[in-house]
There are 2 protein chains.
Amino acid sequence: MAARARPKTRAAAGSPRRAPSPRAARKPATVAHIVGVLRARIARQDIPPGAKLREADLAGEFGVARARIRDSLAALEQRGLVERIPNRGAVVTRLDLSQVFHIYELREVLEGLCARLATERTPPERWRRELELFQGPMKDLIARNELDPYIERYEALRRALIEAAGNPVLAEMLDTIYEKTQVLIRRILILPGRAEIGRQQHVAMLEAMIRGKADLAEQRRREGLKSARAHLEKFQKYIL
Amino acid sequence: MAARARPKTRAAAGSPRRAPSPRAARKPATVAHIVGVLRARIARQDIPPGAKLREADLAGEFGVARARIRDSLAALEQRGLVERIPNRGAVVTRLDLSQVFHIYELREVLEGLCARLATERTPPERWRRELELFQGPMKDLIARNELDPYIERYEALRRALIEAAGNPVLAEMLDTIYEKTQVLIRRILILPGRAEIGRQQHVAMLEAMIRGKADLAEQRRREGLKSARAHLEKFQKYIL
DNA sequence: TGTCGCAGAAGTGTCAACACTTTTGTCGAC
DNA sequence: GTCGACAAAAGTGTTGACACTTCTGCGACA
């Protein structure tokens with residue numbers, strides 16, 4: 001309880017040490033916010049792999065002290081999005097081919113698990129809309145090569161599955177590895193025939209989910225990713 | 001340039017910031033080192049869940065500036081071993097039951113993958129020593145309730161499998177989730193019959209590996225963890 | 001003309017002091 | 001005697017300055 005009516009002492013005379021900045025009191029951007037912005041930039045390749053991130057620049061841009069930028073870079077390093085070399089700064093990680101395959105091995109089992117859990121923990125009807133989407137409109141999008149709307153809906157399904165799986169630790173892991181390969185999505189989808197194959201596999205998985213066959217859904221998701229990996233292997237020279 | 005005749009403060013009182021210590025200049029403990037020490041303490045419950053970690057104390061103990069301790073705590077927070085509450089400090093995470101089950105769901109597929117990859121990427125003979133160990137000596141250790149040697153060898157096998165799987169991303173993930181449940185190992189092994197069942201399941205997995213049956217090894221590892229989870233569910237009130 | 005060395009610049013790493021928040025202990029009013 | 005307010009203490013958050021390392025450009029020498 002405590003209620004305590006906090007003393008409130010501190011009216012403090014509105015002269016914070018920071019530049020007054022009359023309008024837009026501009027709260028000073030948390031580490032979480034900075035990390036989010038930089039993640040997005042790296043994913044969209046606004047900052048290309050190999051580029052250097054200079055602390056002073058970022059501090060200026062976000063209007064925070066360098067220390068906070070350092071914290072943010074440390075967080076990005078933990079996630080594997082940048083590498084830091086002592087006294088030389090932070091560099092956007094350049095993902096090499098072997099790491100991509102390692103990640104696909106993981107996605108295979110993790111997204112398989114995700115499909116199984118989502119099936120077990122959600123009423124089957126939940127997935128009918130998604131199935132219809134992938135059977136109809138998505139097919140057209142692929143045929144007409146409209147990648148962006150396709151990707152958007154694909155990611156929506158992905159998020160829905162993770163949410164339905166109801167396992168935060170799994171969600172965190174999928175997030176971590178997904179953001180590393182996000183840059184590849186477009187390049188993979190252009191591979192001859194890949195998008196349509198992927199769509200069919202999603203349909204197969206969703207059908208299993210609607211029939212309540214959790215293990216089958218897992219198996220089909222795994223097969224889907226396995227075949228994606230095979231495609232990647234075949235065309236690797238065009239990807240990286 | 002700056003010239004600036006630096007206030008010079010520091011020569012004062014012959015106390016350079018580091019203890020003089022003529023030889024053995026005691027390098028000042030890197031973040032990695034501090035994180036390692038704290039990880040170990042948390043795993044062994046030298047620092048119990050819920051305990052507060054005070055920055056100044058740690059800074060004094062390791063002989064480093066508080067900033068470095070803060071970096072270390074941030075790293076531990078990322079790994080989920082401590083929680084930090086603004087202005088109130090870092091507290092060792094208290095793992096709740098639901099998270100434990102979520103982690104076991106993950107271990108099931110991740111260690112399954114690990115077993116499969118290890119089988120595919122290593123000559124079968126590699127595992128014969130381990131099999132004999134688990135068939136013979138380990139059985140005795142369990143019968144005589146010598147937990148510590150048993151755990152030591154169990155972890156050695158675990159490390160060998162991860163190493164053999166040759167997937168660094170997987171290794172990193174297993175590490176992350178394993179250290180969170182490490183504190184439970186002893187409590188689980190005491191459960192009636194659990195240790196012996198686990199041993200038999202390891203034997204079954206190793207046999208599959210020696211026969212080169214990667215998928216079978218994966219399946220058996222998954223079954224092993226599934227049954228461990230079931231055990232945990234049954235006796236959860238004695239564990240947490 | 002090419003190369004090596006050496007200052008200066010630029011950028012990261014570290015630190016100690018200061019600012020702010022929460023907690024704790026004490027005193028007075030009811 | 002209990003509750004509530006206040007002040008001091010303890011601890012965390014933030015900042016700017018300083019130290020150190022690496023990179024870059026210039027000039028001397030072979």
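The shown structure was predicted, so the numbers you read here are calculated from the model rather than taken from an experiment. Below, all heavy atoms of this structure are taken into account, side chains as well, without hydrogens, waters or symmetry copies. Just so it is clear: chains get the letters A, B, ... in the order the sequence lines come, proteins before strands, and each one is counted from 1.
Taking atom CG on B/L58 and atom C1' on D/dG11, their separation rounds to 13 Å, with Å as the unit. To the nearest angstrom, P of C/dT21 lies 17 Å from CZ of B/R84. Between the P atom of C/dT14 and the CZ atom of B/F62 lies a distance of 16 Å, rounded to the nearest Å. Atom pair B/N87:CG and C/dT22:C1' shows a separation of 7 Å (rounding to whole Å applied). As a whole-Å value, the separation of A/R70 CZ from C/dC15 P is 11 Å. Here C/dT12 presents its C1' atom at 19 Å from CZ of A/R68, a figure rounded to the nearest Å. Atoms CD1 (A/I69) and C1' (C/dG13) sit 16 Å apart, rounded to a whole Å. Atom P of nucleotide D/dG11 and atom CZ of B/R66 are separated by 11 Å, given to the nearest angstrom.
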(request) Take B/E111 and B/R158, measure what salt bridge (charged side-chain N to carboxylate O under 4.0 Å, His left out) needs, and give me the verdict at the end. (result) CA-CA 9 Å; B/E111 297 203 16; B/R158 182 191 148 76; 3.2 Å; yes
(request) Run the numbers on B/L53 and B/L58 for side-chain contact (heavy atoms from CB on, under 4.5 Å), then give the verdict. (result) CA-CA 8 Å; B/L53 298 172; B/L58 294 172; 4.1 Å; yes
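When every heavy atom of B/F235 is checked against every heavy atom of B/L191, the shortest pair comes out as CB-CD2, 3.7 Å.
Taking only side-chain atoms of B/R88, from C-beta outward, the nucleotide of C/dT23, D/dG13, D/dT15 with the closest atom is C/dT23.
With DNA chain D read from its 5' end, the first of the two nearest nucleotides for A/P86 and B/D57 is the one closest to B/D57.
Among the protein residues, A/L53 comes within range of the sugar-phosphate backbone only, with heavy atoms under 4.0 Å from sugar or phosphate atoms but none that close to a base. Within 4.0 Å of A/A67, counting heavy atoms only, lies at least one base atom of the nucleic acid. Counting non-hydrogen atoms under 4.0 angstrom, A/L73 reaches nothing in the nucleic acid.
Dashed line: the shortest gap from a side-chain N or O of B/R54 to OP1 or OP2 of D/dG11 is under 4.0 Å.
A salt bridge links B/R84 and B/E55; the closest N-O separation between the charged side-chain nitrogens and carboxylate oxygens is under 4.0 Å. Between A/R66 and A/E61 there is no salt bridge, since no side-chain N of the basic residue sits under 4.0 Å from a carboxylate O of the acidic one.
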